[in-house]
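Within every chain, numbering begins at 1; the chains are lettered A, B, ... in the order of the sequence lines, protein sequences first and strands thereafter. Heavy atoms only: backbone and side chains are in, while hydrogens, waters and symmetry mates are out.
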There are 2 protein chains.
Amino acid sequence: MLKDLPRYECILEAVRLHPDLDPSACEAYLNLLRAGDEAYRRSEVFLNEHNMSPGRFTVMMLLYDKIGGKPVPQTPADLAEKAGVTRATVTGLVDTLERDGLVTREHDSGDRRMMLIHLTPKGHSALQEILPGHFKQMAAQMAPLSEHERTTLVRLLNKVAGIPSAAHIVVHSAAPEGAAHAAGDIAAPITSK
Amino acid sequence: MLKDLPRYECILEAVRLHPDLDPSACEAYLNLLRAGDEAYRRSEVFLNEHNMSPGRFTVMMLLYDKIGGKPVPQTPADLAEKAGVTRATVTGLVDTLERDGLVTREHDSGDRRMMLIHLTPKGHSALQEILPGHFKQMAAQMAPLSEHERTTLVRLLNKVAGIPSAAHIVVHSAAPEGAAHAAGDIAAPITSK
DNA sequence: GTTGGATAGTTAGGAACCTAATCATTCTAC
DNA sequence: GTAGAATGATTAGGTTCCTAACTATCCAAC
């Protein structure tokens with residue numbers, strides 16, 4: 001939210017009035033929020049140019065199988081769970097995506113409570129058109145960092161986000177219960193709720 | 001947006017279909033967005049418990065002089081500029097803050113186009129009540145990081161966010177045009193638009 | 001001194017999120 | 001087999017943001 005962050009000196013000033021304020025924590029926290037927001041907004045600008053929003057894009061990416069490159073149908077509840085939003089939000093996103101002809105709804109033949117959301121050919125080609133630019137855009141944003149710095153950044157971010165340890169995930173990719181590698185299911189966040 | 005990030009292996013898989021995809025950039029980017037979102041949402045939850053939202057809180061903090069601890073009036077345009085949102089958004093936020101008796105609007109005596117937003121005594125004490133918890137909450141979120149790690153994190157985040165260099169800011173605190181240290185005016189982002 | 005352009009704030013309408021309530025279908029237990 | 005709980009999706013209504021259009025005031029130039 002803050003466009004310009006307070007200088008470190010100003011934070012130190014504020015500590016006089018508020019002894020609870022941990023200056024280095026405050027600085028790290030504000031910079032994290034700002035950098036995250038910056039990166040998010042840049043992507044948003046790019047997506048907007050292609051009649052996309054982060055929410056719409058996420059839904060479409062979830063319908064797009066990264067491994068096979070083929071569209072795979074999913075239920076709204078699946079999409080909500082994977083995207084980390086409510087089912088009501090998915091309903092709204094699918095509404096506009098369907099309106100634009102990028103996805104279709106279909107009743108599940110087995111359980112008629114469920115819907116199956118499909119990427120249409122139009123949706124698939126829209127994605128093909130957007131993805132290269134999106135990837136370039138991500139690469140450009142991270143370009144200032146060396147490979148080593150990226151690794152460090154990921155490690156520190158995971159510490160903050162409450163991910164136990166980045167290391168063990170790659171090592172023993174447990175997956176005790178089968179299925180669903182598509183979006184990866186590493187480290188279920190504490191944000192369960 | 002994504003609750004669970006793809007595993008690194010899955011990203012590597014995806015590179016086969018999309019040569020533009022820079023795996024380490026993608027991983028760093030996704031982790032940045034997720035960690036930022038996590039931190040943001042945690043703060044949001046805390047603020048919500050006190051009848052606040054990030055937007056409302058930011059406006060009130062801008063009206064609260066961190067140095068003197070005294071409320072200082074500001075125009076909506078000022079607030080919008082410092083908060084990095086549109087003036088229309090500030091109008092909406094001030095509407096609800098005024099409704100709740102936390103701020104008041106007053107016509108500028110000199111230029112009757114302008115309004116001056118004041119923190120009311122009620123608003124001031126609401127802030128006093130929230131701030132200690134907010135600070136503790138920030139400290140708790142950053143607790144997993146050592147002082148050294150915090151410095152590193154800030155340096156890497158600034159690289160990504162396009163801040164030229166964190167060092168020189170503290171060193172020669174230029175401030176060529178006078179005034180307004182309240183919210184700090186370091187490093188105007190590229191996001192000017 | 002009046003016209004025209006800039007500036008400050010608001011209004012109107014839309015998108016993406018939320019919670020809570022509703023409707024339809026399925027499953028479970030008796 | 002039927003009542004009631006559980007589950008999937010939607011609807012209704014609210015919030016926070018946006019852009020674009022509007023209103024009011026000020027200032028500058030003729």
Side-chain angles (χ1 to χ4, degrees), chain A residues 1-3 33 37 40-45 47-60 73-100 102-117 191 193, chain B residues 1-3 33 37 40-41 43-45 47-60 73-100 103-117 191 193:
Chain A
M1 187 83 187
L2 273 185
K3 184 179 165 193
L33 253 58
D37 189 54
Y40 181 82
R41 291 200 195 200
R42 286 183 200 159
S43 289
E44 200 175 19
V45 166
L47 290 173
N48 286 161
E49 288 164 9
H50 295 75
N51 192 30
M52 273 290 143
S53 72
R56 285 158 64 88
F57 181 69
T58 300
V59 166
M60 291 185 67
Q74 299 194 44
T75 67
D78 268 351
L79 295 171
E81 165 64 19
K82 288 174 183 165
V85 296
T86 63
R87 281 176 296 181
T89 297
V90 169
T91 296
L93 290 171
V94 170
D95 278 349
T96 75
L97 287 171
E98 192 174 29
R99 181 198 63 197
D100 295 351
L102 301 172
V103 307
T104 52
R105 265 182 253 244
E106 179 208 2
H107 273 288
D108 183 296
S109 48
D111 186 335
R112 274 163 49 201
R113 286 172 303 183
M114 288 197 253
M115 304 295 287
L116 284 180
I117 315 298
T191 44
K193 189 187 182 184
Chain B
M1 187 83 187
L2 271 186
K3 184 180 166 193
L33 253 58
D37 189 54
Y40 180 83
R41 291 200 194 200
S43 289
E44 200 175 20
V45 166
L47 290 173
N48 286 161
E49 287 164 10
H50 295 76
N51 193 29
M52 273 290 143
S53 73
R56 283 159 65 89
F57 182 70
T58 300
V59 166
M60 291 186 67
Q74 298 195 44
T75 67
D78 268 351
L79 295 172
E81 165 65 18
K82 287 175 184 166
V85 297
T86 63
R87 281 174 300 180
T89 297
V90 170
T91 296
L93 289 172
V94 170
D95 278 349
T96 76
L97 287 171
E98 192 174 30
R99 181 198 64 197
D100 294 351
V103 308
T104 52
R105 266 183 253 244
E106 180 207 2
H107 272 288
D108 184 296
S109 48
D111 186 336
R112 273 164 50 201
R113 286 172 304 182
M114 287 198 252
M115 304 294 287
L116 285 179
I117 315 298
T191 44
K193 186 187 183 183

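- By the 4.5 Å heavy-atom criterion applied to side chains, A:Arg56 and A:Leu47 are not counted as neighbours.
- Not a single donor-acceptor pair under 3.5 Å links the side chain of A:Asp100 to the backbone N or O of A:Leu102.
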Identify the pairs formed between an N or O of the protein and an N or O of nucleotides 10-13 of chain D at a distance under 3.5 Å, and give each distance.
from	atom 1	to	atom 2	distance (Å)
D:dT10	OP1	A:Arg105	NH1	2.5
D:dT10	OP2	A:Thr91	OG1	3.0
D:dT10	OP2	A:Arg105	NH1	3.2

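- For the pair B:Glu81 CD and C:dA8 C1', the computed distance is 14 Å after rounding to whole Å.
- To the nearest angstrom, C1' of D:dT16 lies 17 Å from CZ of B:Phe57.
- Taken from CD in A:Glu49 to CG in A:Asn51, the straight-line distance is 12.0 Å, to the nearest 0.5 Å.
- Between the CG atom of A:Leu79 and the P atom of C:dA16 there is a distance of 15 Å, given to the nearest Å.
- The separation between A:Gln74 atom CD and D:dA9 atom P is 11 Å, rounded to whole Å.
- Contact between the side-chain N/O atoms of B:Ser53 and the OP1/OP2 oxygens of D:dT15 is not found at any separation under 4.0 Å.
- A distance of 8.5 Å separates CD1 of A:Ile117 from OG1 of A:Thr91, quoted to the nearest 0.5 Å.
- In the set C:dG9, C:dA16, D:dT16, the nucleotide with an atom closest to the side chain of B:Ala77 is C:dG9.
- Summary of the strand contacts: A:Met52 and B:Thr75 both lie near DNA chain C, and taking for each the nucleotide with the nearest heavy atom, the more 5' one is attributed to B:Thr75.
- One can place NE2 of B:His107 at 11 Å from C1' of C:dA8, the figure rounded to the nearest angstrom.
- Atoms CG (B:Asp108) and C1' (D:dA24) sit 14 Å apart, rounded to a whole Å.
- In this structure, B:Ile117 places its CD1 atom 8 Å from P of C:dG9, rounding to the nearest Å.
- Atom pair B:Leu116:CG and C:dA8:P shows a separation of 13 Å (rounding to whole Å applied).
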Restricting both atoms to N or O, compile the protein contacts to nucleotides 21-28 of chain C shorter than 3.5 Å, with distance only.
from	atom 1	to	atom 2	distance (Å)
C:dT26	OP1	A:Arg112	N	2.9

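- One finds a side-chain N or O of A:Thr89 lying less than 4.0 angstrom from the OP1 or OP2 phosphate oxygen of C:dC18.
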